[in-house]
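Data block below; observations after.
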Amino acid sequence: MRLALLSGDWIGLDLPERLARASDGRCRLIALGGATEAAIWSNAYEVTEVPDGWRSIPYGKPLRNQKFRVVDSSGRDCPDWVPGELWIGGAGVALGYRGDPGLTAARFPTHDGGRWYRTGDLGRYHPDGTLEFLGRLDHQVKINGFRVELGEIETCLQAHPAVARAVAVLFTEGRRELVAAVVEHTAAADRPQERTDRATEEDERHGAFLPPAHDGAGTDPHALEHHLVEVLLAGVVAPLTGPDGATAPVCAEQRPVADIWLEYLARRSVLARDGDAAYRHGPRWAEVTSPGRDKEVREAARGTCFETVATALEWAGPLFTAILSGGADATALLDDPVLAPEALNDLMPGTAACLAAVAEDLRARCADAPPPAVAEWDVTGGRGTARLLGALAPDTVGYTLLGSSAPALAKAGALLREHGHRPRTAVQGAAALAARHVHAFDAVVADNALHRMEDPATAVATMALLLAPGGRLYLSERTRPTPLALVTALPLEARAGRFDGGRTGSGWLYGADRWAAACAEAGLCDVRVLRTEATGEVLLVADRPATAQGVDGDELRRWTAERLPGHMVPAHLTVLPALPLSGNGKVDRRRIRTVLEQSADRPRDAGEPPRGATETFVAERWTKLLGLDSVGRDENFFRLGGDSMLATRFITEVRGAWGVELPMREVMRAPTVAGLSVLIDQLGPAADERPADGWGNGDDCEEGAV
């Protein structure tokens, strides 16, 4: 006989499907609950089924030497059936919080000569002495004069056959509204996510970001790229080599990038390193840095797709040196017409071949059918889109550009209109999908975009939510880093925080097998590789089953309206690929609230205009970055269409204008004109030390300057 323990996270959930999977007749399931401040586990219930009349797995009864009270707001014991706060008593109750006597006194009261711990959980006793867990006290809210238990709304939503999990929150900004996020059931629900492990410590440090070594069989498809990058990086990292290299100026943000560049050159024998000693000139150093080598490489690039790249790199050395030192921001690369990652991707013949294959497959699918609704995910500049639509006959598809940045979408839309195309655009971030986009598209194109998301499983699960039954995903990705990516994409990855906290071993690019597995995990079928390129590009296609059931926003609203009072029906529904978890594995409600606040489709209320010079400056910069006419002092940067990259540009402009370094974490915490203006004033010089032309002028910071 085996014993399986269900943590407190299982208790209070509607779990018949999970229970059926786990209880196979050979395993006893014991549900446990409690708190760290007590005995970790203070109650138990042996699960055989969810009893009639219960909406969730019972909390059970106290364990030996443990006891519970259900207490009202006055500290009195509640009768059976009456909800109240759960207090834990007994031998396992902690002494308190070290160094915090105030919180200890509030959370560890004394009653009838015994010490108790106030859990903040809501529960009630049944007449047989069984406890029922009802949620958190802090999940009770008041709206339109009614007290609402968010757990009841979540339980109702989770009872819908298409919904696996649900979280409800109350918006207090502007009009008070209930909003809910749901995760839908998939054909592969509850499958554990696979992890990509690195084999060695060296791989942990560098392997995920370096191009693979050529095996010597045939011509290296990246040979010319290697030569271009070697010449550039040898000049950039020269001050970092030798005994004085450790003292060369490199900012903390780009230090991991410098280390990877050094390791890349070492693997190419341009540099050498003895153990953990400093890098020194290697066997090929003289060859790579010899006079005329740069001209020789540029001549080799003439007539190839890298001709413009070679010209751009000839003058790019000072820019990359400044990026390493912190003198220039890596986002400058986004504005370069040649070196921007999207521009480089569009130059590659392998990318063009994959997009041509997508166009051919779309033509075949819509030959005898009405024009399909096609969405492209996370569009930035629109170059690849123009290439794809140029291969299709006009008006054969209804094309929608999805992206988190409104200015980027506007720029891409303008480019496509110049080429005679008429796509629609819609702001849509990766964290949560608006109900109108869920299962709304017959095809979804993800062109070298999914690797930017958190992990393959979440990325493809998000794409599956966009697909209508029978819809097809076109997933084009690079399976390995290229030499040019080291000098263009990698500094931007560092700027976006990939290496924060010393994290260097997280996945960057994934192979076709991992993407295929992610498609299967998301419930997609008929997964196959449509095309592979010698330079590392791969195109996969996968279909959503024609019989698949999913969340329908309108139908789900009708469902809740039939089962809940009107004041408890969520005003907005958002679909998540998965519920975000905190560090201890619990549902991160604070993060969900932030996601919903930034993604909920609510009418914009600009509110009060900016006050004072600092707020005026911030508002002016936002209007230009976000492509808006005006911004109110209490509006949220991310709800207006901002993203982390635009926030980085704003931070750069503040630094350039006044020398104030805004921490990104503070921008995330207070993303309003008023909030950030207070922070700028706190971090900046005193009023009598500010420029004579005022804080709000900003004439010394050119638009788009970095």
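Predicted model, so just to flag it, every value in this text is computed and none were measured. Position 1 is the first residue of the sequence; numbering continues from there. Computation of the quantities below employed the complete heavy-atom set of this structure, encompassing side-chain atoms and omitting hydrogens, waters and symmetry-equivalent molecules.
- Screening residues 315-327 for side chain to side chain donor-acceptor pair (under 3.5 Å) gives no qualifying pairs among residues at least two apart or on separate chains.
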Name every donor-acceptor pair, under 3.5 Å, that has one atom in a side chain of residues 373-380 and the other anywhere in the protein, sequence neighbours excluded.
| unit_1 | atom_1 | unit_2 | atom_2 | d |
| --- | --- | --- | --- | --- |
| Glu376 | OE1 | Thr385 | OG1 | 2.6 |
| Glu376 | OE1 | Tyr399 | OH | 2.8 |
| Glu376 | OE2 | Thr385 | OG1 | 3.2 |
| Asp378 | OD2 | Arg452 | NE | 3.2 |
| Asp378 | OD2 | Arg452 | NH2 | 2.9 |

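- Using a cut-off of 4.0 Å between Lys/Arg side-chain N and Asp/Glu carboxylate O, Arg531 and Glu537 are scored as not salt-bridged.
- Here the closest heavy-atom approach between residue Asn448 and residue Arg478 is recorded as OD1-N, 3.8 Å.
- Minimum interatomic distance between Ala234 and Trp285 (heavy atoms only, all atoms of both residues): O-CH2, 3.5 Å.
- A salt bridge links Glu263 with Arg273: the closest approach of a Lys/Arg side-chain nitrogen to an acidic carboxylate oxygen falls below 4.0 angstrom.
- Between Arg514 and Asp455 there is no salt bridge, since none of the side-chain N atoms of the basic residue sits less than 4.0 Å from a carboxylate O of the acidic one.
- How far CG of Leu530 is from OG of Ser476: 10.5 Å, rounded to the nearest 0.5 Å.
- Side chain of Thr488 to backbone of Ala340: no donor-acceptor contact under 3.5 angstrom is found.
- A salt bridge links Asp361 to Arg472: at least one charged side-chain nitrogen sits closer than 4.0 Å to a carboxylate oxygen.
- Here the side chain of Arg649 pairs no donor or acceptor atom with the backbone of Leu625 at under 3.5 angstrom.
- A distance-only check finds a donor-acceptor pair linking the side chain of Arg284 to the backbone of Arg268 [under 3.5 Å].
- Note: Trp622 and Phe650 have perpendicular aromatic rings, judged against thresholds of 30 and 60 degrees for the angle between ring planes.
- Taking each heavy atom of Thr479 and Ala512 in turn, the nearest pair found is CG2-N, 4.1 Å.
- Other residues, nucleotides and ligands contribute only 12 or fewer heavy atoms inside 6.0 Å of the CZ atom of Arg422.
- Note on Glu360 versus Arg363: no salt bridge recorded, every NZ/NE/NH1/NH2 to OD/OE distance being 4.0 Å or above.
- When atom types are taken as modelled, the side chain of Glu477 and the backbone of Val538 share no donor-acceptor pair closer than 3.5 angstrom.
- The backbone N or O of Leu486 sits less than 3.5 Å from a side-chain atom of Trp261, completing a donor-acceptor pair.
- Taking OG1 of Thr482 as the reference point, atom NE2 of His222 lies at 6.5 Å (rounded to 0.5 Å).
- To the nearest 0.5 Å, atoms CZ (Phe306) and OG1 (Thr311) are separated by 13.5 Å.
- A donor-acceptor pair under 3.5 Å links the side-chain atoms of Glu225 to the main chain of Leu484, judged by distance alone.
- Between the side chains of Thr351 and Asn345, a donor-acceptor pair is found at a separation under 3.5 Å.
- Using a 4.0 Å cut-off between charged side-chain N and carboxylate O, Arg495 and Glu493 make no salt bridge.
- When atom types are taken as modelled, the side chain of Glu342 and the backbone of Gly382 share a donor-acceptor pair closer than 3.5 angstrom.
- Residues passing the ring pair (Phe, Tyr, Trp, His ring centres under 6.0 Å) test with Trp515 are Tyr510, sequence neighbours excluded.
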